[in-house]
Protein chains: 2
Amino acid sequence: MTAESRADHRPSAAPPLTERQEARRRRILDASARLAARGGFDAVQMREVAEAAGVALGTLYRYFPSKIHLLVATMQDQLQHLHTTLRKRPPAGAAPAKRVAETLMRAFRALQREPQLADAMVRALTFADRSVSPEVDTVSRLTTAIILDAMGAEQPTPEQLSAVRVIEHTWHSALITWLSGRASIAQVKIDIETVCRLIDLTSPEHATTR
Amino acid sequence: MTAESRADHRPSAAPPLTERQEARRRRILDASARLAARGGFDAVQMREVAEAAGVALGTLYRYFPSKIHLLVATMQDQLQHLHTTLRKRPPAGAAPAKRVAETLMRAFRALQREPQLADAMVRALTFADRSVSPEVDTVSRLTTAIILDAMGAEQPTPEQLSAVRVIEHTWHSALITWLSGRASIAQVKIDIETVCRLIDLTSPEHATTR
DNA sequence: ATCAAGTCTGTAACTTGTTCTACCTTAGCG
DNA sequence: CGCTAAGGTAGAACAAGTTACAGACTTGAT
(Lines give C-alpha, C1' and ligand atoms only; values in the text may rest on other atoms or scores of the structure.)
Protein backbone atom coordinates (compact mmCIF):
# COMPACT_ATOMS: atom_id res chain seq x y z
CA MET A 1 0.00 0.00 0.00
CA THR A 2 2.12 2.87 -1.22
CA ALA A 3 1.43 6.50 -0.52
CA GLU A 4 0.11 6.56 -4.07
CA SER A 5 -3.12 4.84 -3.08
CA ARG A 6 -4.62 7.97 -1.59
CA ALA A 7 -8.00 6.68 -2.72
CA ASP A 8 -8.32 9.19 -5.50
CA HIS A 9 -11.88 9.37 -6.72
CA ARG A 10 -10.95 9.14 -10.33
CA PRO A 11 -8.23 7.08 -11.94
CA SER A 12 -4.87 8.59 -12.76
CA ALA A 13 -5.07 10.44 -16.06
CA ALA A 14 -8.17 12.51 -15.38
CA PRO A 15 -7.85 16.18 -16.25
CA PRO A 16 -8.65 18.31 -13.22
CA LEU A 17 -12.27 19.44 -13.09
CA THR A 18 -13.31 23.03 -12.79
CA GLU A 19 -15.34 24.07 -9.80
CA ARG A 20 -18.58 24.04 -11.75
CA GLN A 21 -17.73 20.58 -13.01
CA GLU A 22 -16.93 19.30 -9.55
CA ALA A 23 -20.27 20.67 -8.43
CA ARG A 24 -22.08 18.94 -11.28
CA ARG A 25 -20.41 15.67 -10.45
CA ARG A 26 -21.46 16.04 -6.85
CA ARG A 27 -25.04 16.86 -7.76
CA ILE A 28 -25.15 13.78 -9.95
CA LEU A 29 -23.78 11.49 -7.26
CA ASP A 30 -26.16 12.94 -4.69
CA ALA A 31 -29.14 12.57 -7.00
CA SER A 32 -28.11 9.01 -7.70
CA ALA A 33 -27.86 8.15 -4.01
CA ARG A 34 -31.13 9.87 -3.28
CA LEU A 35 -33.04 8.01 -5.97
CA ALA A 36 -31.37 4.75 -5.04
CA ALA A 37 -32.30 5.19 -1.42
CA ARG A 38 -35.94 5.61 -2.39
CA GLY A 39 -36.41 2.75 -4.79
CA GLY A 40 -33.27 0.73 -5.25
CA PHE A 41 -31.56 -0.16 -8.50
CA ASP A 42 -34.61 0.25 -10.70
CA ALA A 43 -35.41 3.69 -9.36
CA VAL A 44 -32.07 5.03 -10.52
CA GLN A 45 -33.21 5.95 -14.00
CA MET A 46 -30.75 7.90 -16.04
CA ARG A 47 -33.30 10.48 -17.22
CA GLU A 48 -34.42 11.03 -13.65
CA VAL A 49 -30.91 11.32 -12.33
CA ALA A 50 -30.13 13.86 -15.01
CA GLU A 51 -33.21 15.88 -14.21
CA ALA A 52 -32.72 15.69 -10.44
CA ALA A 53 -29.12 16.80 -10.87
CA GLY A 54 -30.15 19.61 -13.19
CA VAL A 55 -28.02 18.33 -16.02
CA ALA A 56 -28.67 17.13 -19.56
CA LEU A 57 -28.76 13.43 -20.27
CA GLY A 58 -25.76 13.70 -22.53
CA THR A 59 -23.80 15.39 -19.78
CA LEU A 60 -24.66 12.67 -17.33
CA TYR A 61 -23.25 10.16 -19.79
CA ARG A 62 -20.16 12.24 -20.23
CA TYR A 63 -19.48 12.06 -16.51
CA PHE A 64 -20.51 8.43 -16.05
CA PRO A 65 -20.52 6.31 -19.17
CA SER A 66 -23.20 3.93 -17.91
CA LYS A 67 -25.68 3.38 -15.13
CA ILE A 68 -23.33 0.78 -13.67
CA HIS A 69 -20.44 3.23 -13.68
CA LEU A 70 -22.64 5.75 -11.94
CA LEU A 71 -23.71 3.37 -9.22
CA VAL A 72 -20.23 2.03 -8.66
CA ALA A 73 -19.01 5.60 -8.30
CA THR A 74 -21.84 6.17 -5.84
CA MET A 75 -20.57 3.20 -3.89
CA GLN A 76 -17.04 4.58 -3.85
CA ASP A 77 -18.44 7.76 -2.50
CA GLN A 78 -20.42 6.07 0.25
CA LEU A 79 -17.55 3.79 1.19
CA GLN A 80 -15.32 6.76 1.66
CA HIS A 81 -17.80 8.27 4.09
CA LEU A 82 -17.94 4.96 5.89
CA HIS A 83 -14.20 4.63 6.10
CA THR A 84 -13.73 8.02 7.68
CA THR A 85 -16.59 7.34 10.08
CA LEU A 86 -15.11 4.02 11.11
CA ARG A 87 -11.72 5.57 11.66
CA LYS A 88 -13.15 7.93 14.18
CA ARG A 89 -14.34 5.09 16.37
CA PRO A 90 -12.11 2.08 15.81
CA PRO A 91 -13.39 -1.34 16.89
CA ALA A 92 -12.73 -2.25 20.49
CA GLY A 93 -12.12 -6.03 20.44
CA ALA A 94 -8.83 -7.55 21.51
CA ALA A 95 -8.32 -10.19 18.83
CA PRO A 96 -7.99 -9.12 15.20
CA ALA A 97 -10.76 -11.50 14.15
CA LYS A 98 -13.11 -9.89 16.65
CA ARG A 99 -12.28 -6.43 15.47
CA VAL A 100 -12.81 -7.28 11.83
CA ALA A 101 -16.11 -8.98 12.52
CA GLU A 102 -17.20 -6.01 14.57
CA THR A 103 -16.20 -3.57 11.87
CA LEU A 104 -17.99 -5.46 9.16
CA MET A 105 -21.12 -5.81 11.22
CA ARG A 106 -21.01 -2.11 11.87
CA ALA A 107 -20.73 -1.45 8.17
CA PHE A 108 -23.51 -3.88 7.66
CA ARG A 109 -25.77 -2.04 10.04
CA ALA A 110 -24.98 1.19 8.24
CA LEU A 111 -26.20 -0.41 5.03
CA GLN A 112 -29.27 -1.71 6.79
CA ARG A 113 -30.36 1.83 7.38
CA GLU A 114 -30.66 2.37 3.63
CA PRO A 115 -31.36 -1.07 2.29
CA GLN A 116 -32.52 0.19 -1.07
CA LEU A 117 -29.37 2.18 -1.57
CA ALA A 118 -27.34 -0.83 -0.56
CA ASP A 119 -29.27 -2.94 -3.02
CA ALA A 120 -28.59 -0.58 -5.88
CA MET A 121 -24.90 -0.29 -5.16
CA VAL A 122 -24.24 -3.95 -4.57
CA ARG A 123 -26.23 -5.06 -7.58
CA ALA A 124 -24.28 -2.65 -9.73
CA LEU A 125 -21.03 -3.86 -8.27
CA THR A 126 -21.62 -7.52 -8.98
CA PHE A 127 -23.19 -6.87 -12.35
CA ALA A 128 -20.30 -4.78 -13.56
CA ASP A 129 -18.45 -6.24 -16.50
CA ARG A 130 -14.87 -5.72 -17.63
CA SER A 131 -15.47 -2.18 -18.77
CA VAL A 132 -15.96 -1.15 -15.15
CA SER A 133 -13.03 -3.12 -13.74
CA PRO A 134 -10.93 -0.12 -12.72
CA GLU A 135 -13.78 1.41 -10.74
CA VAL A 136 -14.76 -1.88 -9.15
CA ASP A 137 -11.15 -2.39 -8.24
CA THR A 138 -11.11 0.92 -6.45
CA VAL A 139 -14.08 -0.18 -4.38
CA SER A 140 -12.30 -3.43 -3.64
CA ARG A 141 -9.19 -1.62 -2.49
CA LEU A 142 -11.25 0.60 -0.25
CA THR A 143 -12.84 -2.44 1.32
CA THR A 144 -9.48 -4.09 1.78
CA ALA A 145 -8.17 -0.98 3.44
CA ILE A 146 -11.08 -0.98 5.86
CA ILE A 147 -10.50 -4.60 6.80
CA LEU A 148 -6.76 -4.20 7.18
CA ASP A 149 -7.35 -1.17 9.34
CA ALA A 150 -9.56 -3.26 11.60
CA MET A 151 -7.00 -6.04 11.76
CA GLY A 152 -4.32 -3.61 12.64
CA ALA A 153 -1.97 -5.39 10.27
CA GLU A 154 0.69 -3.00 9.10
CA GLN A 155 2.63 -5.51 7.07
CA PRO A 156 0.16 -8.21 6.19
CA THR A 157 1.63 -11.52 5.14
CA PRO A 158 0.51 -13.05 1.84
CA GLU A 159 -1.47 -15.52 3.88
CA GLN A 160 -3.27 -12.73 5.64
CA LEU A 161 -3.99 -11.03 2.37
CA SER A 162 -5.59 -14.22 1.15
CA ALA A 163 -7.72 -14.32 4.24
CA VAL A 164 -8.76 -10.74 3.64
CA ARG A 165 -9.69 -11.58 0.09
CA VAL A 166 -11.86 -14.43 1.25
CA ILE A 167 -13.45 -12.20 3.85
CA GLU A 168 -14.28 -9.70 1.15
CA HIS A 169 -15.79 -12.41 -0.99
CA THR A 170 -17.92 -13.53 1.91
CA TRP A 171 -18.90 -10.00 2.76
CA HIS A 172 -20.14 -9.25 -0.73
CA SER A 173 -21.90 -12.49 -1.24
CA ALA A 174 -23.51 -12.49 2.19
CA LEU A 175 -24.72 -8.99 1.49
CA ILE A 176 -26.33 -10.18 -1.70
CA THR A 177 -28.11 -13.07 -0.08
CA TRP A 178 -29.41 -10.74 2.59
CA LEU A 179 -30.52 -8.11 0.08
CA SER A 180 -32.38 -10.67 -1.97
CA GLY A 181 -34.12 -11.92 1.14
CA ARG A 182 -32.50 -15.34 1.16
CA ALA A 183 -30.63 -14.90 4.43
CA SER A 184 -31.44 -13.23 7.71
CA ILE A 185 -29.26 -10.71 9.44
CA ALA A 186 -28.44 -13.33 12.03
CA GLN A 187 -27.30 -15.62 9.27
CA VAL A 188 -25.05 -12.92 7.86
CA LYS A 189 -23.57 -12.37 11.29
CA ILE A 190 -22.75 -16.04 11.62
CA ASP A 191 -21.17 -16.16 8.20
CA ILE A 192 -19.02 -13.15 8.93
CA GLU A 193 -17.92 -14.54 12.23
CA THR A 194 -17.18 -17.87 10.64
CA VAL A 195 -15.00 -16.42 7.95
CA CYS A 196 -13.21 -14.18 10.40
CA ARG A 197 -11.83 -17.27 12.07
CA LEU A 198 -9.50 -17.44 9.13
CA ILE A 199 -7.75 -14.44 10.56
CA ASP A 200 -6.77 -16.24 13.73
CA LEU A 201 -5.69 -19.12 11.57
CA THR A 202 -3.31 -16.95 9.60
CA SER A 203 -2.20 -14.47 12.21
CA PRO A 204 1.46 -14.91 13.11
CA GLU A 205 0.89 -14.28 16.81
CA HIS A 206 -1.60 -17.07 17.02
CA ALA A 207 0.47 -19.52 15.04
CA THR A 208 2.47 -20.35 18.14
CA THR A 209 -0.56 -21.15 20.26
CA ARG A 210 -2.22 -23.74 18.10
CA MET B 1 -28.48 -36.49 1.72
CA THR B 2 -32.09 -37.42 2.29
CA ALA B 3 -34.14 -39.06 -0.40
CA GLU B 4 -36.04 -35.79 -0.56
CA SER B 5 -33.22 -33.84 -2.14
CA ARG B 6 -33.39 -35.40 -5.54
CA ALA B 7 -33.12 -31.93 -7.02
CA ASP B 8 -36.49 -31.54 -8.62
CA HIS B 9 -36.16 -29.18 -11.55
CA ARG B 10 -39.21 -27.10 -10.78
CA PRO B 11 -40.57 -26.03 -7.42
CA SER B 12 -43.43 -27.83 -5.78
CA ALA B 13 -46.76 -26.65 -7.11
CA ALA B 14 -46.00 -26.82 -10.82
CA PRO B 15 -48.61 -28.64 -12.87
CA PRO B 16 -46.99 -31.49 -14.77
CA LEU B 17 -45.97 -30.52 -18.27
CA THR B 18 -47.08 -32.43 -21.31
CA GLU B 19 -44.45 -34.00 -23.50
CA ARG B 20 -44.59 -31.21 -26.04
CA GLN B 21 -44.24 -28.68 -23.26
CA GLU B 22 -41.31 -30.50 -21.74
CA ALA B 23 -39.73 -30.47 -25.19
CA ARG B 24 -40.35 -26.74 -25.59
CA ARG B 25 -38.81 -26.07 -22.21
CA ARG B 26 -35.78 -28.10 -23.19
CA ARG B 27 -35.42 -26.33 -26.53
CA ILE B 28 -35.56 -22.99 -24.74
CA LEU B 29 -32.93 -23.95 -22.18
CA ASP B 30 -30.68 -25.34 -24.89
CA ALA B 31 -31.06 -22.25 -27.03
CA SER B 32 -30.30 -20.11 -24.01
CA ALA B 33 -27.15 -22.06 -23.21
CA ARG B 34 -26.06 -22.02 -26.84
CA LEU B 35 -26.46 -18.27 -27.21
CA ALA B 36 -24.85 -17.64 -23.84
CA ALA B 37 -21.87 -19.79 -24.78
CA ARG B 38 -21.33 -17.69 -27.88
CA GLY B 39 -21.62 -14.20 -26.51
CA GLY B 40 -22.29 -14.17 -22.79
CA PHE B 41 -25.06 -12.36 -20.99
CA ASP B 42 -25.71 -9.77 -23.67
CA ALA B 43 -26.03 -12.35 -26.42
CA VAL B 44 -28.94 -14.03 -24.68
CA GLN B 45 -31.61 -11.83 -26.21
CA MET B 46 -35.13 -12.89 -25.55
CA ARG B 47 -36.23 -12.50 -29.17
CA GLU B 48 -33.29 -14.57 -30.33
CA VAL B 49 -33.84 -17.26 -27.74
CA ALA B 50 -37.48 -17.48 -28.79
CA GLU B 51 -36.57 -17.76 -32.43
CA ALA B 52 -33.79 -20.28 -31.86
CA ALA B 53 -36.11 -22.40 -29.74
CA GLY B 54 -38.87 -22.15 -32.35
CA VAL B 55 -41.28 -20.57 -29.95
CA ALA B 56 -43.15 -17.28 -29.78
CA LEU B 57 -41.87 -14.52 -27.57
CA GLY B 58 -44.97 -14.67 -25.41
CA THR B 59 -44.46 -18.37 -24.89
CA LEU B 60 -40.89 -17.86 -23.82
CA TYR B 61 -42.14 -15.43 -21.21
CA ARG B 62 -44.78 -17.88 -20.08
CA TYR B 63 -42.10 -20.45 -19.37
CA PHE B 64 -39.57 -18.04 -17.91
CA PRO B 65 -40.95 -14.76 -16.65
CA SER B 66 -37.75 -12.84 -17.23
CA LYS B 67 -34.31 -13.10 -18.75
CA ILE B 68 -32.91 -13.55 -15.28
CA HIS B 69 -35.27 -16.42 -14.55
CA LEU B 70 -34.24 -18.01 -17.80
CA LEU B 71 -30.55 -17.79 -17.08
CA VAL B 72 -30.91 -18.97 -13.52
CA ALA B 73 -32.85 -21.95 -14.81
CA THR B 74 -30.07 -22.51 -17.32
CA MET B 75 -27.65 -22.55 -14.44
CA GLN B 76 -29.75 -25.09 -12.54
CA ASP B 77 -29.66 -27.22 -15.61
CA GLN B 78 -25.90 -27.00 -16.03
CA LEU B 79 -25.26 -27.58 -12.35
CA GLN B 80 -27.26 -30.76 -12.50
CA HIS B 81 -25.08 -32.01 -15.32
CA LEU B 82 -22.03 -31.10 -13.31
CA HIS B 83 -23.28 -32.81 -10.19
CA THR B 84 -23.87 -36.10 -11.93
CA THR B 85 -20.52 -35.84 -13.69
CA LEU B 86 -18.74 -35.20 -10.42
CA ARG B 87 -20.49 -38.10 -8.76
CA LYS B 88 -19.08 -40.46 -11.32
CA ARG B 89 -15.52 -39.55 -10.38
CA PRO B 90 -15.44 -38.45 -6.77
CA PRO B 91 -12.45 -36.44 -5.58
CA ALA B 92 -9.49 -38.49 -4.40
CA GLY B 93 -7.97 -36.46 -1.55
CA ALA B 94 -7.80 -37.81 1.97
CA ALA B 95 -8.81 -34.74 3.98
CA PRO B 96 -12.27 -33.24 3.47
CA ALA B 97 -10.78 -29.81 2.82
CA LYS B 98 -8.63 -31.25 0.03
CA ARG B 99 -11.57 -32.99 -1.54
CA VAL B 100 -13.74 -29.90 -1.49
CA ALA B 101 -11.02 -27.73 -2.95
CA GLU B 102 -10.40 -30.31 -5.63
CA THR B 103 -14.07 -30.55 -6.47
CA LEU B 104 -14.50 -26.81 -6.70
CA MET B 105 -11.45 -26.42 -8.87
CA ARG B 106 -12.79 -29.14 -11.12
CA ALA B 107 -16.08 -27.31 -11.38
CA PHE B 108 -14.13 -24.18 -12.02
CA ARG B 109 -12.24 -25.75 -14.90
CA ALA B 110 -15.52 -26.92 -16.36
CA LEU B 111 -16.72 -23.33 -16.35
CA GLN B 112 -13.46 -22.18 -17.87
CA ARG B 113 -14.24 -24.22 -20.93
CA GLU B 114 -17.28 -22.04 -21.60
CA PRO B 115 -16.37 -18.74 -20.02
CA GLN B 116 -19.11 -16.83 -21.80
CA LEU B 117 -21.75 -19.23 -20.59
CA ALA B 118 -20.35 -19.00 -17.10
CA ASP B 119 -20.46 -15.23 -17.34
CA ALA B 120 -24.09 -15.18 -18.35
CA MET B 121 -25.17 -17.57 -15.65
CA VAL B 122 -23.22 -16.01 -12.81
CA ARG B 123 -24.20 -12.47 -13.74
CA ALA B 124 -27.83 -13.51 -13.77
CA LEU B 125 -27.45 -15.25 -10.45
CA THR B 126 -25.99 -12.26 -8.63
CA PHE B 127 -28.26 -9.78 -10.34
CA ALA B 128 -31.39 -11.69 -9.42
CA ASP B 129 -33.73 -9.82 -7.13
CA ARG B 130 -36.33 -11.11 -4.71
CA SER B 131 -38.66 -12.28 -7.43
CA VAL B 132 -36.16 -14.96 -8.37
CA SER B 133 -35.35 -16.06 -4.84
CA PRO B 134 -36.85 -19.52 -5.07
CA GLU B 135 -34.89 -20.36 -8.18
CA VAL B 136 -31.68 -18.90 -6.84
CA ASP B 137 -32.24 -20.89 -3.70
CA THR B 138 -32.45 -24.05 -5.73
CA VAL B 139 -29.09 -23.27 -7.28
CA SER B 140 -27.71 -22.63 -3.84
CA ARG B 141 -28.99 -25.95 -2.55
CA LEU B 142 -27.47 -27.74 -5.49
CA THR B 143 -24.13 -26.12 -4.78
CA THR B 144 -24.40 -27.03 -1.12
CA ALA B 145 -25.15 -30.61 -2.07
CA ILE B 146 -22.07 -30.75 -4.26
CA ILE B 147 -19.85 -29.43 -1.50
CA LEU B 148 -21.30 -31.70 1.16
CA ASP B 149 -20.86 -34.63 -1.18
CA ALA B 150 -17.20 -33.74 -1.53
CA MET B 151 -16.80 -33.38 2.21
CA GLY B 152 -18.41 -36.71 2.76
CA ALA B 153 -20.36 -35.25 5.65
CA GLU B 154 -23.51 -37.25 6.17
CA GLN B 155 -24.70 -35.36 9.22
CA PRO B 156 -23.06 -31.98 8.99
CA THR B 157 -22.91 -30.00 12.20
CA PRO B 158 -24.25 -26.45 12.24
CA GLU B 159 -20.66 -25.30 12.32
CA GLN B 160 -19.88 -27.25 9.21
CA LEU B 161 -22.92 -25.84 7.49
CA SER B 162 -21.66 -22.36 8.26
CA ALA B 163 -18.35 -23.25 6.75
CA VAL B 164 -20.09 -24.55 3.66
CA ARG B 165 -22.04 -21.34 3.39
CA VAL B 166 -18.88 -19.30 3.54
CA ILE B 167 -17.29 -21.54 0.96
CA GLU B 168 -20.22 -20.95 -1.31
CA HIS B 169 -19.94 -17.21 -0.83
CA THR B 170 -16.29 -17.36 -1.70
CA TRP B 171 -16.91 -19.56 -4.68
CA HIS B 172 -19.46 -17.20 -6.18
CA SER B 173 -17.57 -14.07 -5.50
CA ALA B 174 -14.25 -15.47 -6.68
CA LEU B 175 -15.96 -16.57 -9.85
CA ILE B 176 -17.20 -13.05 -10.42
CA THR B 177 -13.82 -11.47 -9.92
CA TRP B 178 -12.34 -13.96 -12.36
CA LEU B 179 -15.07 -13.42 -14.93
CA SER B 180 -14.67 -9.68 -14.79
CA GLY B 181 -10.94 -10.04 -15.26
CA ARG B 182 -9.95 -8.75 -11.86
CA ALA B 183 -8.41 -12.00 -10.62
CA SER B 184 -6.34 -14.72 -12.23
CA ILE B 185 -7.12 -18.38 -12.10
CA ALA B 186 -4.19 -18.84 -9.76
CA GLN B 187 -5.70 -16.25 -7.47
CA VAL B 188 -9.02 -18.07 -7.48
CA LYS B 189 -7.26 -21.30 -6.60
CA ILE B 190 -5.57 -19.68 -3.64
CA ASP B 191 -8.81 -18.18 -2.41
CA ILE B 192 -10.58 -21.51 -2.64
CA GLU B 193 -7.81 -23.29 -0.83
CA THR B 194 -7.75 -20.62 1.82
CA VAL B 195 -11.43 -20.83 2.53
CA CYS B 196 -11.37 -24.60 2.55
CA ARG B 197 -9.17 -24.45 5.59
CA LEU B 198 -12.33 -23.61 7.45
CA ILE B 199 -13.40 -27.18 6.93
CA ASP B 200 -10.50 -28.60 8.89
CA LEU B 201 -11.24 -26.03 11.53
CA THR B 202 -14.79 -27.24 11.94
CA SER B 203 -14.48 -30.93 11.22
CA PRO B 204 -15.12 -33.07 14.31
CA GLU B 205 -12.49 -35.65 13.41
CA HIS B 206 -9.81 -33.04 13.23
CA ALA B 207 -10.82 -31.34 16.43
CA THR B 208 -9.02 -34.06 18.37
CA THR B 209 -5.80 -33.76 16.41
CA ARG B 210 -5.18 -30.08 16.68
C1' DA C 1 -67.58 -34.90 -33.00
C1' DT C 2 -67.99 -30.73 -30.37
C1' DC C 3 -67.21 -27.43 -27.15
C1' DA C 4 -64.69 -24.70 -23.53
C1' DA C 5 -60.48 -23.65 -21.45
C1' DG C 6 -56.13 -23.18 -21.72
C1' DT C 7 -51.82 -22.57 -24.86
C1' DC C 8 -49.30 -20.66 -28.71
C1' DT C 9 -48.33 -17.51 -32.36
C1' DG C 10 -47.28 -13.21 -34.56
C1' DT C 11 -47.00 -8.61 -33.94
C1' DA C 12 -47.19 -4.10 -32.06
C1' DA C 13 -46.55 -1.11 -28.23
C1' DC C 14 -44.23 0.50 -24.20
C1' DT C 15 -40.09 1.33 -21.08
C1' DT C 16 -35.61 2.55 -20.02
C1' DG C 17 -30.58 2.43 -21.09
C1' DT C 18 -27.74 4.34 -24.61
C1' DT C 19 -26.38 6.99 -28.72
C1' DC C 20 -26.72 10.76 -31.91
C1' DT C 21 -27.49 15.43 -33.70
C1' DA C 22 -27.83 20.18 -34.03
C1' DC C 23 -27.39 24.01 -31.57
C1' DC C 24 -25.97 27.07 -27.54
C1' DT C 25 -22.44 28.72 -23.67
C1' DT C 26 -18.21 29.41 -21.58
C1' DA C 27 -13.34 29.97 -20.96
C1' DG C 28 -9.19 31.05 -22.53
C1' DC C 29 -6.51 33.81 -25.86
C1' DG C 30 -4.93 36.87 -29.59
C1' DC D 1 -13.63 42.63 -28.63
C1' DG D 2 -14.14 38.48 -31.21
C1' DC D 3 -12.59 33.61 -32.23
C1' DT D 4 -12.35 28.88 -31.21
C1' DA D 5 -12.58 24.55 -28.93
C1' DA D 6 -14.36 22.07 -25.35
C1' DG D 7 -18.25 21.26 -22.71
C1' DG D 8 -23.49 21.65 -22.20
C1' DT D 9 -28.45 21.39 -23.64
C1' DA D 10 -32.70 19.61 -25.60
C1' DG D 11 -34.66 16.28 -27.82
C1' DA D 12 -35.02 12.57 -31.29
C1' DA D 13 -33.70 7.99 -32.38
C1' DC D 14 -32.33 3.30 -31.43
C1' DA D 15 -31.94 -1.29 -28.82
C1' DA D 16 -33.51 -4.91 -26.01
C1' DG D 17 -36.48 -6.42 -22.10
C1' DT D 18 -41.24 -6.68 -21.20
C1' DT D 19 -46.26 -6.44 -21.88
C1' DA D 20 -50.57 -6.60 -24.52
C1' DC D 21 -53.68 -8.51 -27.73
C1' DA D 22 -56.25 -10.77 -31.44
C1' DG D 23 -56.50 -14.77 -33.68
C1' DA D 24 -55.21 -19.93 -34.27
C1' DC D 25 -54.25 -24.50 -32.19
C1' DT D 26 -54.52 -28.39 -28.47
C1' DT D 27 -56.52 -30.94 -25.27
C1' DG D 28 -59.67 -33.21 -22.38
C1' DA D 29 -64.48 -33.95 -21.13
C1' DT D 30 -68.84 -34.84 -22.60
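These numbers come from the heavy atoms of this one structure, side chains and all, not from hydrogens, waters or symmetry mates. Order of the sequence lines fixes the chain letters, A, B, ..., with proteins taken first and strands second; residue numbering starts at 1 for each chain. The model shown is predicted, which means the values in this text are computed figures rather than measured ones.
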Describe the nucleic acid contact of [X] in one word from base, sugar-phosphate, nothing, applying a heavy-atom distance below 4.0 Å.
{"X": "A:Arg47", "result": "base"}
{"X": "A:Tyr63", "result": "sugar-phosphate"}
{"X": "B:Val44", "result": "sugar-phosphate"}

- Message: If you count heavy atoms of other groups shown closer than 6.0 angstrom to CD of B:Gln112, is the number above 12?
- Response: yes
Against the side chain of B:Thr59, the closest entry in D:dG8, C:dC8, D:dT26 is C:dC8
Between [X] and [Y], does at least one N-O distance fall below 4.0 Å, as a salt bridge requires?
{"X": "B:Asp77", "Y": "B:Arg26", "result": "yes"}
{"X": "A:Arg141", "Y": "A:Asp137", "result": "yes"}
{"X": "A:Glu193", "Y": "A:Arg197", "result": "no"}

Atom-pair distance ([atom1] on [X]; [atom2] on [N]), nearest Å:
{"X": "B:Glu51", "N": "C:dT9", "atom1": "CD", "atom2": "P", "result": "13 Å"}
{"X": "A:Arg20", "N": "C:dG28", "atom1": "CZ", "atom2": "P", "result": "11 Å"}
{"X": "B:Phe64", "N": "D:dT18", "atom1": "CZ", "atom2": "C1'", "result": "16 Å"}
{"X": "A:Ile68", "N": "C:dT16", "atom1": "CD1", "atom2": "P", "result": "16 Å"}
{"X": "B:Asp129", "N": "D:dT18", "atom1": "CG", "atom2": "P", "result": "10 Å"}

Q) Under 3.5 Å, is there an N or O donor on one side and an acceptor on the other linking the side chain of A:Arg24 and the base of D:dG8? A) no
Side-chain donor/acceptor contact of A:Arg62 with base of D:dG8 under 3.5 Å:
no
Of A:Met46 and B:Gln21, the one whose closest nucleotide on DNA chain C sits nearer the 5' end is B:Gln21
Residue pair B:Thr18/B:Gln45 against DNA chain D: nearer the 5' end by closest nucleotide is B:Gln45
The answer to which of A:Leu57 and B:Tyr61 contacts DNA chain D further toward the 5' end, by nearest nucleotide, is A:Leu57
Measure from NZ or CZ of A:Lys67 to the centre of the six-membered ring of A:Phe127, then state whether that distance is under 6.0 Å and the direction lies within 45° of the axis. no
